[in-house]
Amino acid sequence: MSNPLRILHILRAPVGGLFRHVRDLATEQARRGHAVGVMVDSSARDGLTRDRLEALGRLLPLGLHALPMGRMPGLSDAGPAFAARRLVASLAIDVVHGHGAKGGLYARLGGTRPANRIGAGPLRFYTPHGGSLHLIDNRLTGPIYLAAERALARLTDGLIFESGFAQKAYERAIPGHGVPQRVIYNGLTPADFEPRTLADAPAPFLFVGELRLLKGVDVLIEALARIGPDAGRAVIVGDGPDAAAFKALTHRLGLGTRITFTGAMAARQAFGLGRVLVMPSRAESLPYIALEAAAAGIPLIATQVGGVPEIVAGSGVRLVQPGDVDALACAMAATLDTPETAHKQAEGLRGLAQKRFTVSQMCDDVLTFYADARVHEAARCTALAQEGGGRVSYLP
């Protein structure tokens, strides 16, 4: 694929690590001369999200396309799916790449090829990200998403997983799907590796992320209460559906003077508010916040979930079990008692991150997979044409 590609990325919510991944990948692809567009949900209205989308839109040759997308599956998905199909046709897209459950749905339905034109239309790629995997594991909605994923696998030319953990989880859920796949780690920019600047009076502990139970914010709050006032303060940065519940828990435990909720802000801006980043998640895939903290040289306390062990491998950073208040409290207390050890581990992790997780390498690997998938598709179509006695039309 030496010629420039026309690429459309599709995702739903323009927040968190998923948006960061799409933004960095799309921006780097555009910088390398490819024509790139992004289709995204239009319902997010906060100022930070609006600014991020406007900044991204200015960098995309094929533009930013925002329209309403529902969170839960239903008849409302027909509109975005048809919109994706129209965009793919009008922009003459070569590669449509869906991210997350809804992005993957719209990308694969929108990139559907004519039944009598094997090989016509775009290549269709899907990166599930953590959210889709969590939905598959849900007892109530899991069977619905699992059935949809199995059906959509037939419309997929390539699966990309951001961690080995995510790949294994998908393989357990949908064995024998036969879709070509790669593990391609999320990447960091050179700016991510610049040293952070601490505020005048940083708190000992910092959380940055979406405020929902999956992220384990309640575990952090209870752990801070468990180790007592000597632990000092914590700053919780972010917003989300469980923000009110976490604030109520803070009040109930008498921690109102020790925990500050700031609302949403950019991770880099938030990093100066605390000395140690605590990531108490109950589930993750390959969390950007851990990668960004590693790049900035911030001491990290995290849970042993998802691809987090792949991030810290070889660094000496110890992980705790998710949902274990006592284990998290012990890790936090130990960091206060031995700050030199925590900083030494953080510097070691920073050096490893510079070798393993870069946007340049991520983009190289994705573009190579696009090219390999085109070769695979061409071979498949040739075989089908031969089986059909030459009656199958193939467009390279």
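Nothing here was measured: the structure is a model prediction, and the numbers come from that model. Sequence positions, counted from 1, serve as the residue numbers for this chain.
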Please check if any side-chain donor atom of [X] sits under 3.5 Å from a side-chain acceptor atom of [Y], or the reverse.
X      : Y      : value
Ser285 : Glu162 : yes
Arg124 : Thr156 : no
Gln181 : Tyr126 : no
Asp94  : Tyr370 : no
Asp192 : Thr189 : yes
Glu284 : Ser281 : yes

Below 4.5 Å, heavy atoms only, C-beta onward: do [X] and [Y] meet side chain to side chain?
X      : Y      : result
Ile221 : Leu253 : yes
Glu292 : Arg20  : yes
Met265 : Leu273 : yes
Pro299 : Arg275 : no

- At their closest point, which heavy atom of Met362 faces which heavy atom of Gly187, and how far apart are they? SD-N, 3.4 Å
- Query: What are the two closest heavy atoms between Ala153 and Val179, and how far apart are they?
  - Reply: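 In terms of heavy atoms, the two residues are closest at O-CG2, 3.4 Å.
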- Query: Taking the six-membered ring for Trp, is the centroid-to-centroid distance between Tyr170 and His177 below 6.0 Å?
  - Reply: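 Between His177 and Tyr170, which both carry aromatic rings, the centre distance is below 6.0 Å.
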- Task: Establish, yes or no, whether a centroid distance under 6.0 Å links the rings of Phe246 and Phe261.
- Result: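 Aromatic pair excluded; centres sit 6.0 Å or further apart.
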- Query: Looking at Phe207, does the NZ or CZ of Lys215 lie under 6.0 angstrom from its six-membered ring centre and within 45 degrees of the ring axis?
  - Reply: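 The answer is no; the distance or angle limit is not met.
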- Have a look at Leu349 and tell me which of Ile298, Leu291, Val317 forms a side chain to side chain contact (heavy atoms under 4.5 Å, CB included) with it.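 Passing option: Val317.
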- When Pro14 is tested against each of Val38, Val40, Val22 for side chain to side chain contact (heavy atoms under 4.5 Å, CB included), which residue passes? Val40
- Item | side-chain contact (heavy atoms from CB on, under 4.5 Å) assessment of Ile160 paired with Phe369 | CA-CA 9 Å; Ile160 297 176; Phe369 192 27; 3.5 Å; yes
Point-to-point distance, once rounded to the nearest 0.5 Å, from [atom1] of [X] to [atom2] of [Y]:
X      : Y      : atom1 : atom2 : value
Lys102 : Asp41  : NZ    : CG    : 9.0 Å
Arg196 : Leu277 : CZ    : CG    : 8.5 Å
Arg318 : Thr335 : CZ    : OG1   : 11.0 Å
Leu286 : Phe357 : CG    : CZ    : 6.0 Å

Check this for me: does any side-chain nitrogen of one of [X] and [Y] sit under 4.0 Å from a carboxylate oxygen of the other?
X      : Y      : result
Glu28  : Arg32  : yes
Arg226 : Asp326 : yes
Arg282 : Asp218 : yes

